[in-house]
Amino acid sequence: MADEKQPDQMCRHIAVIMDGNGRWAKQRGKIRSFGHKEGLKATKRLLHYASERGLKYLTLYAFSTENWKRAEEEVSYLMNLIHLHLRKEMKFYKKNHIRLRFIGDLSRLKPSLQEEMRSVERDTASYDGLTVQLAINYGGRDELRRAVQKLIDSGKQEITEADIEAELDTAGIPDPDLIIRTAGEQRLSNFLMWQSAYSEFWYTPKLWPDFGSEDFDEAVAAFFRRDRRYGGIK
Ligand code: IPE
Ligand code: IPE
Ligand code: MG
């Protein structure tokens, strides 16, 4: 996107905290799961639109390390929804040249889901369009903890920022330029804590199932009006 610009002015990576599915359902007198089903439709619309617009990286917060606190019924509905989507939608990813990778501690997920994730990662690894990172059982603190543990295990005595970055789930992916959160909440909720150091933030009161291409465009337009200084002076 905006290839004529300098790398530090480009919008290559957008990360989204897809929030408000439960409230969307509640407003309609339905159970929360109904909101998740509708939220997935908004996610698919976004994938399509973002890849059409030529975005390089999109990270989506689908399930946090704290979301296990929810009722077992809601958690298993979400996990099944993700599982089914991965099983059914390979054609969609193939057609749009979308590469999928997963971030988060996947070891706590059902083995059959883990297997599906590995197979999707394998099958889409060569696609050079949009790269999508799906954050599942992801927490920024947990990601950092796991990275530090790996560094300790490697026996390193002195570590650089690059050493930490290389052990994060997002290794090799540039930091998000823009973080979008829906549903009026203005917090990070343990998302990409390390990577968001210099991200721009954009919030909307819209609930996730209502999020559309016009909102994406508005967020990107707002991003291009920002002045990113990275602590320097311009
Ligand atoms: C976001 O919607 C989706 C997930 C956390 C999986 P919520 O389920 O948090 O919806 P609200 O915030 O309760 O409305
Ligand atoms: C953040 O939303 C996590 C996801 C969107 C997956 P939450 O709804 O879990 O966040 P809080 O609890 O409002 O901070
Ligand atoms: Mg929420």
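Order of appearance sets the numbers: ligands from 1, and atoms from 1 within every ligand.
Because its NZ or CZ atom is both nearer than 6.0 Å to the ring centre of W24 and within 45° of the ring axis, R28 counts as a cation-pi partner of that residue. For the pair K44 and F92, the cation-pi criterion (under 6.0 Å, within 45° of the ring axis) is fulfilled.
In terms of protein heavy-atom proximity, atom 3 (C) of ligand 1 is nearest to M18 O, 3.5 Å. Closest to atom 2 (O) of ligand 2 among all protein heavy atoms lies R181 NH2, 3.6 Å. The shortest contact between atom 14 (O) of ligand 2 and any protein heavy atom is with S189 OG, 2.6 Å.
Using a 4.0 Å heavy-atom cutoff, G20 is listed among the residues neighbouring ligand 1. Taking a 4.0 Å cut-off on heavy atoms, H36 registers as neighbouring ligand 1.
Looking at F63 against ligand 2, only its backbone comes within 4.0 Å, counting heavy atoms. Counting heavy atoms under 4.0 Å from ligand 1, residue A62 touches it through the backbone alone. With a 4.0 Å cut-off on non-hydrogen atoms, L207 does not touch ligand 1 at all.
Classification of E115 and R118 as a salt-bridged pair holds, one side-chain N sitting under 4.0 Å from a carboxylate O. Note on R101 versus E121: no salt bridge recorded, every NZ/NE/NH1/NH2 to OD/OE distance being 4.0 Å or above.
Considering backbone and side-chain N/O of R187, one or more are found under 3.5 Å from N/O of ligand 2. Distances between N or O atoms of R70 and those of ligand 2 include at least one value under 3.5 Å. Residue S64 has no N or O atom closer than 3.5 Å to an N or O atom of ligand 2.
Atom NZ of K150 is surrounded by more than 12 heavy atoms from other residues, nucleotides or ligands within 6.0 Å.
The Y61 neighbourhood of ligand 2 comprises atoms 3 (C), 4 (C), 5 (C), 6 (C), with distances under 4.0 Å to a heavy atom of that residue.
Under the 4.0 angstrom criterion, atom 9 (O) of ligand 2 counts as having a protein heavy-atom contact.
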